Every structure is written in C-alpha cells, then in structure tokens.
There are 2 protein chains.
Amino acid sequence: MNNDAMQPIPLPTIRRFPEYLRFVEDKRLAGEEWISTTEIGAAIGRKSVVVRKDLSYSGVAGHPRRGFRLEELAPALRRSLGWDNATDAFLVGVGSLGQALLGYGGFANYGMRIVAAFDCNDDITGGSMAQSQIFPIQKLPQLAKRMNVKLGIIAVPQDVAQSVANILVDAGIRGIWNFAPVQLDVPSNVVVRREDLSHGLAVLSYQLREECETIRPE
Amino acid sequence: MNNDAMQPIPLPTIRRFPEYLRFVEDKRLAGEEWISTTEIGAAIGRKSVVVRKDLSYSGVAGHPRRGFRLEELAPALRRSLGWDNATDAFLVGVGSLGQALLGYGGFANYGMRIVAAFDCNDDITGGSMAQSQIFPIQKLPQLAKRMNVKLGIIAVPQDVAQSVANILVDAGIRGIWNFAPVQLDVPSNVVVRREDLSHGLAVLSYQLREECETIRPE
DNA sequence: TCAATATCGATAAGTTATTATCGAATCCTT
DNA sequence: AAGGATTCGATAATAACTTATCGATATTGA
Ligand SMILES: NC(=O)c1ccc[n+]([C@@H]2O[C@H](COP(=O)([O-])OP(=O)(O)OC[C@H]3O[C@@H](n4cnc5c(N)ncnc54)[C@H](O)[C@@H]3O)[C@@H](O)[C@H]2O)c1
Ligand SMILES: NC(=O)c1ccc[n+]([C@@H]2O[C@H](COP(=O)([O-])OP(=O)(O)OC[C@H]3O[C@@H](n4cnc5c(N)ncnc54)[C@H](O)[C@@H]3O)[C@@H](O)[C@H]2O)c1
C-alpha cells in the first residue's frame with residue numbers, strides 16, 4: 001500500500017516473511033501465477049488474516065478473488081527483508097558448527113553468502129571448505145576492509161566470543177550473527193543477533209512436559 | 001508465590017529462563033549465595049522488572065534487600081523448564097549439522113542427552129560419534145520403545161523431513177525438534193519446535209539495513 | 001536505636017500483537 | 001446478465017506482553 005518501507009515492520013512479521021517467501025517461491029517454480037493468503041496460511045499453519053496483515057507491510061497490493069501476484073510478491077518480500085542483494089559475510093570459527101554453516105547451501109536463499117572463513121587453528125587455516133578459503137584470524141581486519149564486508153558470523157567457543165566480536169567491530173563489521181551462548185558487548189551502532197538453541201529447546205521441553213501433564217493430570 | 005506450576009508460564013518468559021539459569025549457575029559456581037534481579041538484568045541486558053516478573057513464575061520468593069537465594073533459584077528454573085531430569089533424545093540425520101549437534105557438549109546443561117543417532121547412509125551407520133552409536137533408521141522404532149525415548153531431533157534434508165517425522169510419531173515420540181525448514185504435519189498431541197535459522201537471519205538483515213538507512217537517511 | 005537504602009512484589013498503565021468482523025471488489029457460474 | 005462466492009483491506013476488539021510506579025520489608029550503617 002505505502003510506497004516504500006516508510007513505517008517500520010514489526011519483528012514478528014519479519015520473522016514470518018521467510019516462511020512466506022519459501023512457499024511463494026515454490027509456487028512460482030510450480031508455474032502458478034496467483035496465491036491467496038488463505039492458501040499461504042493453510043500451508044504454513046497460520047490464520048489467513050495474519051498473513052494478510054503481514055503482506056500489507058510488503059507494499060504489494062492484492063487482488064480480490066485472486067490473491068497476490070507471485071511475480072510481484074516474491075521480490076517484495078526479499079526487498080523487505082533486505083535480501084534483494086546478497087550480503088557478503090565472514091565466518092569466524094570453523095569447528096563443527098562452523099563447518100556445518102559453511103557447507104549449508106540454504107543461505108543463498110536467505111540473501112547471504114559466506115565469502116571467507118577464519119580460525120585460529122593453524123591446522124585448518126590455509127585450506128578451504130565449500131568454496132570458502134579459511135584464513136588465520138589475524139587477516140580478518142584487512143580483508144574486511146578490502147572486501148567491504150559488513151556481516152560477521154561467530155561460531156567460536158563462548159569464552160572467546162567477546163574477543164572475536166571486538167575484532168569484528170574494529171574491522172568495521174556492522175552486524176553480527178552470534179552462535180555462542182553469550183551476551184556480546186558492542187557499540188550501539190552494531191546489530192547483534194544471538195542464535196541460542198537453548199531458547200528453542202526451553203520452549204520444547206516446557207510444552208512437552210505441559211502436554212504430558214494435561215494428558216495425565218495426576 | 002504459588003505452590004507449583006499451576007498457571008501457565010508465558011513463552012517469552014520460558015525463552016528467557018535459560019539465560020537466567022546460565023548466569024545463576026555461574027554465580028553459584030563462583031560461590032555466591034544471593035543474586036538480585038538488578039544484577040541479573042544488568043548481566044544479560046534486560047530491565048530488572050522483567051527479570052523480577054519472570055522469576056515470579058518460577059515459584060521461588062525473593063528476599064528484600066538481598067535478592068534470591070541461588071541454591072533455590074537454580075533448581076526452580078530447571079524444574080520450570082522441565083530440565084530437572086535429563087530427557088533422552090534420538091537424533092535423526094548425521095550430516096554436517098547432525099554431527100555438530102552430536103558433538104555439542106552444551107545440551108547437558110539443557111536437560112537433554114542424545115542417546116542414539118540414526119541415518120540411512122550405510123557408510124555412517126554402525127559406527128559411533130561422540131559417545132553415541134549410529135544406527136540405521138529402520139532400527140528406530142524398536143529402540144524408541146525399548147529405551148522409552150520421547151524426544152526426536154530431525155537433521156535430515158527437508159524433502160525427507162516429513163517422512164522421518166512420521167517414523168518418529170509412529171515410534172511413540174512425543175516431541176520433535178526440527179532443524180529442517182519445513183512445516184511438519186503431526187498429530188495434535190505431538191509437540192514440534194522448528195529451529196529455523198532464516199528467522200534470525202531475517203531479523204538481522206532487516207535491522208542491519210534499517211540501521212544503515214537511519215545513519216544515511218537519504 | 002533509627003534513618004537511609006536496596007530490593008521484592010503487586011498493581012496499573014501503556015504498548016504491541018493477534019484475532020474477529022465486515023464492506024467492497026472481482027470473478028465465476030448459471 | 002445477475003447472483004453467489006471468494007478474497008482483500010480496513011477497522012475494531014481482544015489478548016499478551018512490557019514497562020512504570022509504589023508501598024512493604026529487611027538490612028545496613030550511623
Ligand atoms: N556444535 C553445535 O551444535 C552448537 C550448537 C549451538 C551452539 N554452539 C556454539 O557454537 C560455538 C562453536 O561450537 P562448535 O561446536 O563448533 O565448537 P568447536 O570447538 O568445534 O569449534 C570452535 C572453533 O573455533 C576456533 N577458534 C577458537 N578460538 C578462536 C579464536 N579466538 N579465533 C578464531 N577461531 C577460534 C577453533 O579453532 C575451532 O575451530 C560455541 O560457542 C558453541 O557453544 C554449537
Ligand atoms: N548445515 C547447516 O548449517 C544447516 C543449517 C540450518 C538448517 N539445516 C537443515 O538441517 C538439515 C540437515 O542439514 P545438513 O547440512 O546436515 O545436511 P546433510 O546433507 O549434511 O546431512 C543430511 C543427513 O541426513 C541423512 N538422511 C537423508 N535421508 C535420510 C532418511 N530418510 N533417514 C535418515 N537419515 C537420512 C543423510 O544420510 C545425511 O547424513 C537440512 O534440512 C538443512 O536444511 C542445516
């Protein structure tokens with residue numbers, strides 16, 4: 001409805017956008033032209049009114065009795081997410097999690113590309129994995145500036161996460177995706193997103209026990 | 001305040017509990033006896049009133065001018081989360097992500113223990129990783145029953161995630177931690193928690209762009 | 001002993017997000 | 001061509017969560 005991202009998009013909406021996008025892309029590949037919020041909602045398990053409200057933030061207008069035009073919706077969702085131009089990213093910490101992230105092909109769909117990896121272990125550095133070279137961590141600052149990279153992924157043990165964050169910030173990184181379960185202390189103009197598995201597991205454990213209790217109320 | 005988990009705990013509170021728990025355990029190991037919500041809030045970056053409200057759901061009472069007794073708080077948080085008795089879990093899919101999860105030591109703190117892994121790839125099955133044996137997926141049903149396992153972790157490619165979910169459900173699994181980016185269709189008495197990296201990356205991308213735009217409003 | 005202070009716990013206010021409802025627009029069927 | 005059906009988009013109502021405020025309480029230190 002509005003021309004561009006004038007009003008801020010609620011974060012719950014932003015979180016749902018990737019799900020819409022995935023479904024929309026599937027439909028587009030299947031050759032469909034229109035999609036309705038009813039159908040999207042059914043596919044991803046949400047009420048259509050939620051989807052409709054969310055999509056209104058994307059800026060595309062729907063069509064009564066038809067729904068939304070896929071050709072329009074997919075790019076609009078990408079644009080809203082900032083995924084229209086793939087963002088280059090550095091990965092720090094090529095351990096078991098780092099290797100999984102490096103090898104993960106899904107990030108291409110998420111507007112991100114890991115262009116280099118860094119580690120402090122000499123046995124790993126120098127080689128490459130999944131088309132990414134692995135550099136010693138000391139090389140990070142100069143490469144960040146040369147390649148103009150603004151996004152960093154932290155996959156190092158938690159006790160060194162803060163020091164890695166400091167290196168990233170000093171190197172001009174503006175956004176950090178942190179997989180270590182610690183609160184990072186960074187300047188206010190740097191965005192940090194912590195990916196903490198314990199959050200999800202907490203909800204699951206709680207619901208699991210709640211479910212069992214309601215089944216057997218004692 | 002109330003005796004036990006009579007009232008449901010809000011999910012945002014549940015998500016914050018692991019952070020409190022981590023900090024509380026650190027303090028306890030450091031030999032402290034009391035902790036205040038002021039201090040917890042400062043450590044994990046939240047207002048003390050949030051912490052105070054959250055902790056009220058744990059059932060422990062604080063002490064004016066002192067705070068909460070660590071010996072009481074830590075077990076109460078675990079109990080609220082359902083982490084007081086470690087839950088046995090099966091992992092399905094020993095690929096790059098599955099291996100990272102298998103090797104991750106942190107789950108011990110999260111009330112979970114991966115007791116066996118499963119894969120369909122004969123090159124992997126038969127061996128073991130990080131103290132967990134890897135079985136062919138066909139063995140899952142009988143082992144689930146014999147070991148009375150109720151929690152399953154899905155780390156297989158997305159196109160087979162639903163079929164794996166079906167196997168888990170048929171084997172009596174009551175909770176599924178799903179790392180594949182697909183909506184699983186399961187009976188209503190089975191709890192599914194989807195761990196979708198795209199959600200976090202979406203928020204990060206959005207905030208990163210927003211931040212850059214506010215810096216340069218043109 | 002008594003005042004100052006830090007904290008809890010409760011209540012209230014404010015904000016945000018979800019859900020419900022309904023008219024208008026369009027397409028499809030007959 | 002007309003009526004029925006489906007969907008959008010807006011508004012309103014509800015619910016959930018966060019934040020502010022304040023009295024009560026216990027401790028500390030004068
Ligand atoms: N493995 C998992 O499934 C998992 C799950 C959730 C969170 N995490 C978190 O992710 C982080 C990494 O976990 P992991 O299992 O991959 O650990 P890991 O020990 O396998 O890998 C850590 C890597 O970081 C490197 N490293 C250490 N210090 C460094 C430094 N100062 N600079 C650069 N590189 C450095 C090490 O050489 C190693 O390669 C941890 O904080 C962990 O808590 C892991
Ligand atoms: N690697 C990552 O960093 C990452 C990040 C986010 C999400 N994911 C998701 O996690 C899942 C696994 O990712 P991955 O990178 O580990 O993939 P992978 O290909 O490395 O591993 C998949 C494993 O599943 C096994 N498998 C396949 N079909 C099976 C079946 N029917 N029964 C049992 N096992 C089966 C394969 O043999 C393989 O070992 C995917 O859905 C992916 O989208 C991965």
Side-chain angles (χ1 to χ4, degrees), chain A residues 1-3 6-17 19-20 23-24 27 32-70 72-73 76-77 80 199 202-203 206-207 210, chain B residues 1-3 6-17 19-20 23-24 27 32-70 72-73 76-77 80 199 202-203 206-207 210:
Chain A
M1 169 176 255
N2 59 339
N3 202 12
M6 300 309 294
Q7 53 185 326
I9 304 179
L11 291 190
T13 296
I14 288 290
R15 271 188 283 268
R16 287 188 288 263
F17 269 6
E19 303 186 22
Y20 303 150
F23 184 66
V24 160
K27 282 287 166 185
E32 307 275 338
E33 188 181 355
W34 297 93
I35 191 76
S36 74
T37 57
T38 315
E39 200 177 346
I40 298 179
I44 70 172
R46 296 193 187 274
K47 316 218 165 186
S48 67
V49 70
V50 176
V51 182
R52 206 149 58 238
K53 180 133 217 201
D54 284 347
L55 294 194
S56 77
Y57 288 102
S58 76
V60 303
H63 195 90
R65 191 64 203 257
R66 283 258 162 96
F68 292 77
R69 199 181 290 272
L70 288 169
E72 237 181 319
L73 190 53
L77 288 172
S80 302
H199 295 178
V203 173
Y206 175 74
Q207 291 178 335
E210 212 180 27
Chain B
M1 170 177 252
N2 58 340
N3 203 11
M6 300 309 292
Q7 55 185 327
I9 305 179
L11 292 190
T13 296
I14 288 290
R15 270 187 285 269
R16 287 187 289 263
F17 269 5
E19 304 187 21
Y20 303 151
F23 184 68
V24 161
K27 283 286 165 186
E32 308 274 337
E33 188 181 355
W34 297 92
I35 191 76
S36 73
T37 57
T38 315
E39 200 178 346
I40 299 180
I44 70 171
R46 296 191 187 275
K47 316 217 164 187
S48 67
V49 70
V50 176
V51 182
R52 205 148 59 238
K53 181 133 216 203
D54 285 345
L55 293 192
S56 77
Y57 289 101
S58 75
V60 304
H63 196 88
R65 191 67 202 253
R66 282 257 161 97
F68 292 79
R69 200 181 290 272
L70 288 170
E72 234 181 322
L73 190 53
L77 287 172
S80 302
H199 294 177
V203 172
Y206 175 75
Q207 290 178 334
E210 212 180 28

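Note on naming: letters A, B, ... go to the chains in the order of the sequence lines (proteins, then strands), and numbering restarts at 1 for each one. Since this is a predicted model, take the numbers as computed values, not measurements. What you see below is based on every heavy atom in this structure, not just the backbone, and it leaves out hydrogens, waters and symmetry mates.
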Could you tell me which residues satisfy side-chain contact (heavy atoms from CB on, under 4.5 Å) with B:Lys53, sequence neighbours excluded, listed by chain and number?
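Partners of B:Lys53 by the side-chain contact (heavy atoms from CB on, under 4.5 Å) criterion, ordered by chain and then number, come out as B:Tyr57.
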Tell me which nucleotide among C:dA20, D:dT19, C:dT18 gets nearest to the side chain of B:Lys53.
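For the B:Lys53 side chain, the nearest candidate turns out to be D:dT19.
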[X]: which residues meet the side chain to side chain donor-acceptor pair (under 3.5 Å) condition with it, sequence neighbours left out?
{"X": "A:Glu39", "value": "A:Lys27"}
{"X": "B:Arg52", "value": "B:Thr37"}
{"X": "B:Arg69", "value": "B:Glu33"}
{"X": "A:Ser36", "value": "none"}

Atom pair distance, as rounded to whole Å: [atom1] in [X] and [atom2] in [N]:
{"X": "A:Trp34", "N": "C:dC28", "atom1": "CH2", "atom2": "C1'", "answer": "15 Å"}
{"X": "A:Leu73", "N": "D:dC8", "atom1": "CG", "atom2": "P", "answer": "11 Å"}
{"X": "B:Lys47", "N": "C:dC8", "atom1": "NZ", "atom2": "C1'", "answer": "19 Å"}
{"X": "A:Gln7", "N": "C:dT15", "atom1": "CD", "atom2": "P", "answer": "18 Å"}
{"X": "B:Leu11", "N": "D:dC17", "atom1": "CG", "atom2": "P", "answer": "7 Å"}
{"X": "B:Tyr57", "N": "C:dC8", "atom1": "OH", "atom2": "P", "answer": "17 Å"}
{"X": "A:Glu33", "N": "D:dT7", "atom1": "CD", "atom2": "P", "answer": "16 Å"}

Where each residue is assigned the nucleotide of DNA chain C containing its nearest heavy atom, which of B:Gly62 and A:Asp54 is assigned the position nearer the 5′ end?
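This one resolves to B:Gly62.
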Does B:Val50 reach a base, just sugar-phosphate, or nothing at all? Heavy atoms under 4.0 Å.
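If one applies the 4.0 Å heavy-atom cut-off, B:Val50 turns out to touch the sugar-phosphate alone, with no base involved.
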For a quick check of understanding: with a heavy-atom distance under 4.0 Å over all strands, which category does B:Arg16 fall into, base, sugar-phosphate or nothing?
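Sugar-phosphate: the residue B:Arg16, judged by heavy atoms under 4.0 Å, touches backbone atoms but no base.
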Do any N or O atoms from the side chain of A:Tyr206 and from the backbone of B:Ile9 form a donor-acceptor pair under 3.5 angstrom?
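Answer holds: yes.
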Protein-nucleotides 3-7 of chain C N/O pairs under 3.5 Å:
| from | atom 1 | to | atom 2 | distance (Å) |
| --- | --- | --- | --- | --- |
| C:dT5 | O2 | B:Arg65 | NH1 | 2.6 |
| C:dA6 | O4' | B:Arg65 | NE | 3.2 |

Heavy-atom side-chain proximity of A:Phe23 to A:Ile35 below 4.5 angstrom
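Yes - at least one pair of side-chain heavy atoms lies under 4.5 Å apart.
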